[in-house]
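Computed from a prediction, not measured in an experiment: that's the story for all the values here. The basis for the numbers below is simple: all heavy atoms, side chains too, and nothing from hydrogens, waters or symmetry mates. Proteins come first, then strands; the chains are lettered A, B, ... in the order of their sequence lines, and each starts at number 1.
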Amino acid sequence: MADEMKIGAYICNGCGIGERLDSSQLEMTATRDGKAAVCQQHDFLCSEAGVKMIQDDIDNEGVNHVVLAACSRRAKTEAFNFDNVTLSRANLREGVIWVRPDEDDQRETTQEMADDYIRMACAESKYMKIPEASGQQSVNKNILIAGGGVAGMTAALEASKAGYPCTIVEKSGELGGATAKLYKKIPTSAPYADPEDNGVDAMVAAVEADSNITVCLNSTLTNTAGAPGRFAADISTESGSTETKDFGAIVQASGFTEYDANQLPEFAYGKNKDVVTQMELEALAKEADGGAIKRPSDGKEVQSVLFIQCAGQRSKKEGHLEHCSGYCCSASIKQAMYFKDQNADVDTTVLFSDLRTPGAGGENFYRSGQKKGVIFTKGIASEVVDGANPTVKFKDLILDEDVDLEVDMVVLATGMVPNAGQPSRAELTDQDNEDIAAEKAGEEKEIRIDVESILNLDYRQGKDVPHMDNGFADSHFICFPYETQRTGIYTAGPVRRPMDTQQAMDDAMGAAMKAIAAAENAGLGKAAHPRVADLSFPTFRAEGCTQCKRCTVECPFGAINETDDGYPEFNESRCRRCGTCMGACPVRVISFENYSIDTVGQQLKAVDIPDEFDEKPRILVLACENDAYPALDMAAQNKLEYSAFTRIIPVRCLGSVSLSWITDSMNSGYDGIILMGCPSGDDYQCHFVKGSLMAQERMSKVGDTLESLSLEKERVQTYEISITDIHKVPKIINEMVDTIEQIGMSPFKF
Amino acid sequence: MATKEYSFYPGCSSQDGASSSNYLKSVQSMCDVLDVKLNVIPDWNCCSASIGYCGGGELPRLALSARNIALSEQHNTGQDIVATCAACWLATKETQERLDDDAGLMDETNQALAEAGLNLKNDSKIRHMVEVLIEDIGYEEMGKHVKKPLDGIKIAGYVGCQTNRPFGIEGESFENPKYLDKFIETMGAEPVENYDKKVSCCGGALAFSEPEKSQALIKDIIEAAYDGGADMIVTPCPVCQMNVEVYQDKINAQYGTKFHIPVTYYSTLMSVAYGKNGKEAGLDGQIIKAKQLEAIASK
Amino acid sequence: MSDLNTGMVEKYRNNFLKEVEANVEEGDWVKMCMQCGVCSGSCPLGTDWDHPPQELFMMIRAGKREEVLQSTSMWMCTSCYNCIVRCPRELPITHIMHGLAHYATRLGIEPKGQPTRQFAQLFWDNLAKNGRVNELWLGVNLYFMNGLVEGVKVALGMAGIGLGMLKAGRLSLKELVGGHTVKDKKGFKAMIKKAQELEAARVDNAQ
Amino acid sequence: MSDIVATNQTILVVGGGISGMTAALEAAEVGKQVIVIEKTPSVGGRVTKLYKYFPKLCFPTCGLEINQRRMAANKNITVLTMAEVTDLQGEAGDYTATVKVSPRYVNSNCTACGACADAVEAEFDDEHNYNMNKHKGAYLPHNMAMPKRYVIDPGMIGSDDAQKAKDACKYDAIDLDMQEETIELKAGAVVWATGWRPYDANKIQPYGYDRIANVITSVEFERLMDPFGPTEGKLVRPSDGKEAKNVAFIQCAGSRDRNYLKHCSRICCMASLKQSTYVSEKFGDDADVSIYYIDIRAIDRFDNFYQKVQDDENVTFIKSKVANIVENKENGNPVLNGVDTEGYNRYANEHDLVVLAIGMEPSVDKDTFPIEIKVNDEGFIEHDEANGGVFAAGCSSDALDVNRAVQSATASALRAIQVVNKVAQAEG
């Protein structure tokens, strides 16, 4: 913005603000303290007339920094939606009059609250800039797809249909992945009664026929650099040739590996040839191709077969999978049908503990299996005894008895192990690091991350997408299955969560959608979820940077690389705009145009601090904008009161809170500070991964600072607040007031 | 309203000198009032109830009901078959359904019927008298004929099993059918609300062979009626009526209870309310006398 | 009959489920049970069953032939149809129970002393004789089925009831001689005979 | 409402629940024009009625806040609340939808100040709480309601209260003469996301929902946990307000049953496992939970959560479909009768409260659906070429948990985009 800053402050008198507060006083505060060049009042600011009044000033008076003194920043956002100006909001409704009683003896403190919020909004406004383009934006509609199974092919076909060219990089020599190895697949449409053709050939044909899709077989990704909109991937073939191509976004559909049944000696796997895994049975079925399935040991036509569900799954036992692979129940029903459809006299028994065939299709398929005479027995297999025919020892849980059943063949329903590549730095344990060091030192070491990387990301945080429970590269969020920690990279299929063919295809479609969005938004310089459309981005002053690397280490999204000389290298389109880097920086050189050390620091300085003997403490609340701030809003909505001494500033994430804000406010005489972040831990709710956790760590260090100022530790408290803690937030605030009463006012008031 | 005609299947227990002959009496009185004509299926035979399975097996059992339907089709052509006995109704309806689903069985059944010179089309509608009352007559019409409202009598409507399951009455639930209570109300008496044992089994099939088992069930049925403050019990089923009424002394002896509660048919109630005398209403058939009804009937 | 039994054992070996599907009324429904147990919980005589329906179905699948066919359980069925209306899988449980009982009888391996079994047979014989049930004879036969002495006891025990019924006109001594019958007894008996032949044929074919 | 711009490059999203919102956002955030048709006065759907999500036990409101912020900030999205699609004609790339918009009696002037609610006396059943309590005749559907705009209950129209409400509003936001409108909208593609409704528990007669006060449904149980719900967050039972410590959960209540819904509703097992933690949350070790099940369908990584709950010795699992429930007349306790089929154990168990893990009934009606579409016997829309440019999202396509519904909705957004992009190409 060339022309100089012009602040316009607009005070709403609606919703009782006019009755409860002295608006001429507010206007004076805005112009005198807030240095607002223009200040107008309106009885109904969010009305067309009110909005027009503001727009006119923007158009005619050159107002480019708008300050609204009205309701919460969460209210009337559609009405107050102005282009090319900065917007700050003094929350006089939810922040002041709704949380204070309408009583004469309260008017003074209530008014003070309002005046402060106007000062704060003006101060913020003064230090906000209208985001400019970083110059990094670039549109690249090409989508890179790692993996050529059905998920990968679906992603390619569907993205292509929407007009986005795709490149499939497949490690093996052919497309189709695991599904191609299936004789048939679980039915995907009504009446869900019989196995279906696996559909791979048709898909491969479609892929090959699509001029928008490039397929690289026998290829892997040896290096993936850049960011959404400008990924640069090295695609290397077995023969060693490498080609570098540019992409806008990435879909990772690297699939799964069948659990290694050799870890199940109790089931005689490896010992008895006629004990096979589900995948091995698929091979036998393909071979039989509709004829009688012959068993491996002696080629005898199978007359009786037993399926052991959950083999090595749903178990905390060493080497077992803790999770359920979801698809195996339906898969065993399908495989039992391979036998029954060919010869109804073959005895097929499925030994299960919980039969899991959810949804409409699932239950129909289960019934169809029963109709075809598949026997379902609720029981737990303890052992398979080797012999000419394997004998399964199991406990029948219904008849409550131990059974020895001799069958021609046993099928183990072993689960899925995701091909998720290497764990990210954050996941490495000390043990891992020791092992790595040891291995570097030339020792023989079995190290966990000694698995092939899928993407070989050139990221400070590790070569692959971070893993969640059970090693799947999934999103952590229920509402946002595609919210990843690596912007622009979306996993799909069994690498994300155990699933069957159809689910993998649906999943790939969703991932393709997200990839397209990432590519498009990168082109516009817009942030990805959750701060969608945020145009600001972090920059830093190289002079002053001490190369401490905290920003690069703590960025939850691996957005910041390091230059050779150790300076941070920001990748705008990887960045989620949480400000964690800003909070991490000890020398305060990192900032966003519209969110910086100053936009918050100056707000808290703008608050008028009465002197010690006024008996009017000041409590600063830094509240996470996703959970705590809405909770405070809703408390107000329900007219729950809290202290008039409170001054609240929303922050993007507690991870963005700079220690300097704390020390500054302590120095300027605040009596108490409350930080409200979201719940951390395994089930953390922080959409920036660990903001609240980091804040807690950092605050634990504040103790010393306080001591050096001879202030009580109780003056700074950090809380984990969920958005539903509507009754809790006012309590916390009022408790702080009580605490101050006990320990006394801060001596640092001037 | 014009006379309504039905092909009537009375069933063994309603024959003269049989256990529910009083049921038949009251039904006839009731039908007179409602202008319903029942044309008995000539030479009908036993349906073998639900106990015939042991000796009968499937086909012979089905043949029994098939013969009745065939006779009805031949002699009472075009008329719905109506039964008053739950077991008769159920066995006949079940037979019709099974033969509809299974062409093989239908064919074999006709082979058997041929031996009796009969052939089955299997297209007559098979209904319970209760259905006729609800669907063809309707509560309103039933109410119109009430001459002596049964004021001040509290009655437990005991529906039992086979009138209720598996077919039941259209629009009524298996667990809590309301029609019998509505009958009671329509006749001016007061039904027991939420009668717990309304659809419980009286153990009919075991009444003779393992009486102690069925009597244990009957005890609960009567107890629940007393708990509900009932003066009497009313039922649409002859097996229920007989079991719940006649074993009360034995149950008292066995459990030290003091049961003495009359058990009548809905048709008995209706006949009395319609102003019929005790004999016409079949009250003389009560082993435990329904004194309140007798009082009203003799008014 | 027991050679029929051995024949069946021969034919079906250990596959009792197939035997049931082929020879028991509604037997091909057994495999559809998902072991929820709602039938077992719904039976008014539940406590008297050694093996409730859902367990019998599991036993059939597990090939427990003798245990099932010789069990008294199916004979507990009072045909209340609670199980049928509540079964989530549409199994005609009542009929399967009857079917199993009848099949056991046909094979001659049913629990001999089981009173309901005896009564059920009496009932059938009684109605098959005249086409209609003669309640008096049914009663009499029933009371004396376990021999004279036992019979007199039971009869005396039931005397009160009998008298009551007589007084109420709901039991008639006329039934002792003649009593109710179908007119076309000949046709009736021929029909039953034919039906029995056809049914036997089905099972024998199975043999 | 006539000012809505809709072309055959517009994507029409029917249903503003989590699936509809997601589909709308994904499409709008790549620049597509989207119109969302929502039947109720606010978006968010079923999830706004949930206390927590499984397996994380986090709060649906958290994601709702983000999605609503995204929607408010996005100029490509138009939301019509209290609106229903009554007819749909045309083909992929060229649909015309007829939309019936019911009067809210409150216009966009509303500042949600609440003056109208303070002014009125009349109360009506609160649908947000499954009618377990009442709300004022002028009301905000719930704390997070979007649009944040009050509603006048139609039942109040014509009454003095209605006038009082109008008089109380300084902003001329209340328009008692508002009429039902019918509008036509063009669209290139339609995303059908009308979600599900809890199966009518009255139909499950053996469980006496209609006769026994202390038998409630799982969705009602969720509302009990909400501090702003009918019991202000207290876990107490309806009959006498007694704390419900001994709680039974009955699985497949209406699901996997030819008498009711033939399909497995997928979510109920996890929902009950989740709700078992509610009881512990309130009563700690005094919690005594029994779960009656046929199969515990804690599919894929949800099983980890199942294992956690199994380790809690205050939770018992019984493999049994409960046969029936009767009421203990003395204390109002429901008594469950049935057989534990793992080894034939008969039970008659008494509990403080019974929660029916109620089945998921799709809100797609095969017979009244406005356009030719492939719907399976269970009532879910199948993905089929024959459906042209109409794509099911979320629980219109199958019984899905929230995570899978959102996944499905994201996919459906792409399907819709494929259609409108083709239109755009054609039109150049």
Side-chain angles (χ1 to χ4, degrees), chain B residues 12-13 15-22 42-46 48-60 62-64 67 108-109 111-118 161-162 164-166 168 174 200-201 203-206 208-210 213-214 217 242 246-247 249-250 284-287, chain C residues 25 44-45 48 76-82 84-86 94-95 98-99 101-102 105-106 115-121 123-125 127-128 131-133 135 138-139 142 157 160-161 164-165 167-172 174-175 180 182-184 187-188 190-196 198-199 202:
Chain B
C12 304
S13 65
Q15 302 170 96
D16 299 350
S19 56
S20 67
S21 42
N22 53 335
D43 206 35
W44 56 269
N45 56 255
C46 174
S48 93
S50 41
I51 195 79
Y53 62 84
C54 171
E58 188 173 13
L59 193 55
L62 295 176
L64 290 174
R67 180 172 178 276
E108 290 185 327
T109 307
Q111 289 179 47
L113 284 174
E115 299 290 317
L118 290 165
C161 300
Q162 299 194 340
N164 188 48
R165 297 178 301 260
F174 294 134
S200 305
C201 178
L206 303 184
F208 298 102
S209 52
E210 303 194 68
K213 289 200 173 85
S214 70
L217 298 174
M242 159 122 175
V246 307
Y247 297 111
D249 292 350
K250 288 207 145 302
D284 56 351
Q286 293 299 122
I287 288 165
Chain C
E25 183 174 349
L45 286 161
D48 297 307
M76 295 298 136
C77 176
T78 67
S79 313
C80 78
Y81 291 80
N82 250 326
I84 285 198
V85 297
R86 287 182 187 164
T94 309
H95 302 133
H98 294 170
H102 173 73
T105 313
R106 175 179 285 276
T116 304
R117 192 224 131 248
Q118 293 169 304
F119 172 68
Q121 191 60 54
F123 185 93
W124 176 261
D125 299 345
L127 79 89
R132 295 187 186 177
V133 167
E135 291 178 344
L138 182 58
L142 174 74
I161 291 169
M165 300 285 281
K167 285 211 217 85
R170 292 163 58 183
L171 188 61
S172 159
K174 284 202 247 94
E175 295 279 311
H180 298 288
V182 293
K183 290 191 213 67
D184 178 19
F188 178 83
M191 172 188 82
I192 296 293
K193 186 161 165 295
K194 180 70 178 172
Q196 280 166 333
L198 288 166
E199 178 143 296
R202 245 192 284 146

Let me know if B/Ser200 has heavy atoms under 4.5 Å from chain C in its side chain, its backbone, both or neither.
neither

Cation-pi check, B/Arg67 onto B/Trp44 ring (under 6.0 Å, within 45° of axis):
no

Work out which heavy atom in C/Val133 is nearest to a heavy atom in B/Gln15; give both atom names and the distance.
O-NE2, 3.8 Å

Given that the side chain runs from C-beta out, which part of C/Gln121 has a heavy atom under 4.5 Å from chain B: side chain, backbone, both or neither?
both

Would you mind telling me which of C/Gln196, C/Lys194, C/Lys167 has the largest number of heavy-atom pairs within less than 4.5 Å of chain B?
C/Lys194

So, the part of B/Phe174 with a heavy atom under 4.5 Å from chain C: the answer is side chain

When the 4.5 angstrom heavy-atom criterion is applied to B/Leu118 and chain C, the contacting part is neither

Salt bridge (charged side-chain N to carboxylate O under 4.0 Å, His left out) against C/Lys193, all qualifying residues, sequence neighbours excluded:
C/Glu197

For chain B, find which of C/Thr94, C/Val85, C/Asp48 contributes the most heavy-atom pairs closer than 4.5 angstrom.
C/Val85

Sorted by chain and residue number, the salt bridge (charged side-chain N to carboxylate O under 4.0 Å, His left out) partners of B/Asp284 (sequence neighbours excluded) come out as B/Lys25, B/Lys279

Are a donor atom and an acceptor atom from the side chains of C/His98 and B/Ser50 found within less than 3.5 Å of each other?
no

Ranking C/Gly169, C/Gly160, C/Cys77 by heavy-atom pairs under 4.5 Å to chain B gives rank one to C/Gly169

Under a 4.5 Å heavy-atom cut-off, does chain B meet the side chain of C/Asn82, its backbone, both or neither?
both

Donor-acceptor pair, distance only, cut-off 3.5 Å: does the side chain of C/Arg170 make one with the backbone of B/Gly285?
yes

Under 4.5 Å from any heavy atom of chain B, what part of C/Phe119 do you find: side chain, backbone, both or neither?
side chain

